Amino acid sequence: MNRVPTLDIRRYDSEREAFVHEMGQAFQKYGFCCVSGHGIAPELISLAYEAFHAFFALPTSVKQQYHIPGTGGARGYTPFMVETAKGSQWADLKEFWHVGREIPRDSKYAEVMAPNVWPSEVPTFRTQALQLFDALDSLGVRILRALALFIGLPENFFDTIVDQGNSILRPIHYPPVTEKDVPNVRAGAHEDINLITLLVGASAEGLEVLSDGAWLPITTQGDAIVVNIGDMLQRLTNHVYPSTTHRVVNPLNGRTDGPRFSVPFFLHPNPDALLDPLPCCITPDNPSRYTTSLTAHEFLLERLRDIKLL
Ligand SMILES: O=C(O)CCC(=O)C(=O)O
Ligand SMILES: [Fe+2]
């Protein structure tokens with residue numbers, strides 16, 4: 001059956017070679033892999049969700065106060081129907097919040113990594129969001145180690161490329177779809193911008209990935225976290241790891257449906273990391289697909305304009 005596999009990341013320690021191979025193959029085939037055995041406590045996830053629910057339940061006028069125009073939505077709140085998938089004319093049926101990495105304000109990256117903002121109406125939001133940020137950041141580094149080994153790089157190759165990465169935790173609220181036959185969808189077909197995305201605990205179905213020309217629903221087992229490749233890793237690996245198109249569809253027409261919540265973590269490189277194709281991914285069969293040199297920050301700005309956040 002055509003299905004994105006779920007792999008237990010504890011096997012990285014107990015049977016590394018087989019695990020790295022299976023995970024590498026899943027990412028090469030689907031651009032996606034589900035990860036179980038990750039050790040992120042269910043309470044951490046549920047307490048974070050509680051705080052995010054509480055925020056999205058606030059009146060629009062209150063939430064709107066945390067929208068910071070002109071910043072690409074990098075921190076704080078982005079209202080309903082703003083983000084629009086690249087090339088689409090219909091805005092997504094979602095609102096979301098962005099949490100960034102907490103860095104010292106004298107860091108060399110401070111200019112491009114703004115301080116976080118926090119909703120004072122939800123006192124637990126900050127602690128829960130930062131705990132989840134850190135847990136997903138650490139898990140992401142472990143996944144990148146397996147991805148590095150599979151393509152012949154040293155295990156720790158990505159560690160220093162992402163240690164101050166401009167990563168984003170994005171709690172999303174998709175309100176109930178009440179109108180029938182709207183042209184907009186919850187999240188239009190798109191590829192992620194970053195290196196890898198870790199998606200924790202979507203509260204309802206709807207995520208689909210394009211596989212061999214057909215939309216394949218992602219169904220997770222237990223507490224598995226959905227992981228996918230983004231455009232930055234696709235570029236860095238000269239498309240050895242594909243950034244696969246995915247979307248979130250509306251509930252089927254006529255079905256009454258509640259809201260949907262999800263929390264992707266977009267793991268980014270450090271802003272000055274170069275995204276030029278790695279020599280190990282350039283072969284006679286797969287010559288370099290890029291001629292221009294680009295940093296992660298330059299790439300990000302270009303893509304934020306594409307999706308109407310800048
Ligand atoms: O909500 C989801 O399940 C996926 C969201 C997503 O693909 C994104 O925000 O990039
Ligand atoms: Fe996405």
Side-chain angles (χ1 to χ4, degrees), residues 4 6 27 30-35 45 48-49 52-53 55-56 72-88 90-100 129 132-133 136 140 143 166-177 184-211 215-221 223-234 241-251 257-268 299-300 303-304 306-309:
V4 173
T6 299
F27 279 121
Y30 296 103
F32 273 71
C33 182
C34 301
V35 173
I45 296 170
Y49 264 89
F52 303 150
H53 287 180
F55 171 76
F56 289 118
R75 303 290 181 264
Y77 175 67
T78 295
F80 189 62
M81 293 229 305
V82 170
E83 187 172 291
T84 306
K86 189 178 166 185
S88 171
W90 310 108
D92 289 349
L93 302 175
K94 69 185 186 205
E95 55 179 346
F96 55 88
W97 181 282
H98 275 177
V99 177
L132 190 56
F133 186 110
L136 292 169
I143 292 164
N166 192 6
S167 303
I168 294 279
L169 183 78
R170 170 191 271 191
I172 311 178
H173 171 223
Y174 304 89
V177 179
N184 314 57
V185 290
R186 283 187 156 169
H190 68 279
E191 298 83 36
D192 291 348
I193 302 174
N194 42 293
L195 284 178
I196 57 171
T197 303
L198 287 75
L199 188 90
V200 66
S203 68
E205 56 197 17
L207 178 62
E208 297 183 341
V209 40
L210 196 57
S211 172
W215 289 105
L216 186 65
I218 298 271
T219 43
T220 46
Q221 299 165 5
D223 66 350
I225 287 177
V226 180
V227 183
N228 66 282
I229 309 291
D231 289 344
M232 290 184 183
L233 191 60
Q234 170 172 269
Y241 289 128
S243 169
T244 309
T245 307
H246 53 284
R247 66 180 186 182
V248 180
V249 293
N250 299 348
D257 185 86
R260 181 176 188 275
F261 293 89
S262 73
V263 187
F265 175 71
F266 301 118
L267 195 149
H268 282 251
F299 188 90
L300 176 64
R303 292 295 305 276
L304 291 179
D306 286 341
I307 61 172
K308 303 202 166 32
L309 285 184

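Sequential numbering from 1 along the given sequence is applied to the chain's residues. Every value quoted in this text rests on a predicted model; they were computed, and no experiment measured them. We count ligands from 1, going down the list as the structure has it; atoms in each ligand are counted the same way.
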- line: For H246, the ligand 1 atoms with a heavy-atom partner under 4.0 Å come out as 7 (O)

Mutual orientation of the aromatic rings belonging to F55 and Y77 [parallel < 30°, tilted 30-60°, perpendicular > 60°]: perpendicular

message: Could you check whether any heavy atom of P264 sits closer than 4.0 Å to an atom of ligand 1, since that is the contact criterion I want to use?
response: yes

query: Is H190 in contact with ligand 1, taking contact as a heavy-atom separation below 4.0 Å?
result: yes

message: With a 3.5 Å distance limit and no angle check, can you tell me whether H190 reaches the backbone of A85 through a side-chain donor-acceptor pair?
response: no

- prompt: Taking the inter-plane angle between the rings of F96 and H98 on a 0 to 90° scale, is it parallel (under 30°), tilted (30 to 60°) or perpendicular (over 60°)?
  reply: tilted

message: I'd like to know: is the Fe ion (ligand 2) within the 2.8 Å range of an N/O/S atom from E191, strictly under that distance?
response: no

field: Under 3.5 Å: donor-acceptor pair, side chain of T244, backbone of Y30
entry: yes

task: Within a distance under 4.0 Å of any heavy atom of F266, pick out the atoms of ligand 1 and give their elements.
output: 8 (C), 9 (O), 10 (O)

- prompt: Which ligand 1 atoms, with their elements, are less than 4.0 angstrom from a heavy-atom of Y174?
  reply: 1 (O), 2 (C), 4 (C), 5 (C)

message: Taking 4.0 angstrom as the limit and counting only heavy atoms of I172, give me the atoms of ligand 1 inside it, by number and element.
response: 5 (C), 9 (O)

task: Check for a donor-acceptor pair, side chain of N194 on one end and backbone N or O of M232 on the other, with a separation under 3.5 Å.
output: no

statement: For L199, the ligand 1 atoms with a heavy-atom partner under 4.0 Å come out as 2 (C), 3 (O), 4 (C)

field: Which N, O or S atom of D192 lies nearest to the Fe ion (ligand 2), by name
entry: OD1

Heavy atom of the protein closest to atom 9 (O) of ligand 1 (residue, atom name, distance): R170 NH1, 3.1 Å

field: Gap separating the CG atom of L216 from the CG atom of L207, nearest 0.5 angstrom
entry: 10.0 Å

task: Take V263 and Y49 through the side-chain contact (heavy atoms from CB on, under 4.5 Å) test and state the conclusion after the steps.
output: CA-CA 8 Å; V263 187; Y49 264 89; 3.6 Å; yes

query: Polar-atom distance check: K94 versus ligand 1, any N or O pair below 3.5 Å?
result: no

task: Go through ligand 1 atom by atom and flag the ones less than 4.0 Å from a non-hydrogen atom of V248.
output: 1 (O), 2 (C), 3 (O), 4 (C)

statement: Note: D192, heavy atoms under 4.0 Å from ligand 1, region reported as side chain

- prompt: Taking non-hydrogen atoms only, is R260 closer than 4.0 angstrom to ligand 1 via side chain, backbone, both or neither?
  reply: side chain

field: Side-chain donor or acceptor of N184 paired with backbone N/O of W90 under 3.5 Å
entry: no

- prompt: Counting N and O atoms only, with roles assigned by atom type, does the side chain of R75 sit under 3.5 Å from a partner on the main chain of W97, one being a donor and the other an acceptor?
  reply: no

Q234 CD to S243 OG distance, which is reported to the nearest 0.5 Å: 5.0 Å

message: Taking only non-hydrogen atoms of F96, do any sit less than 4.0 angstrom from ligand 1?
response: no

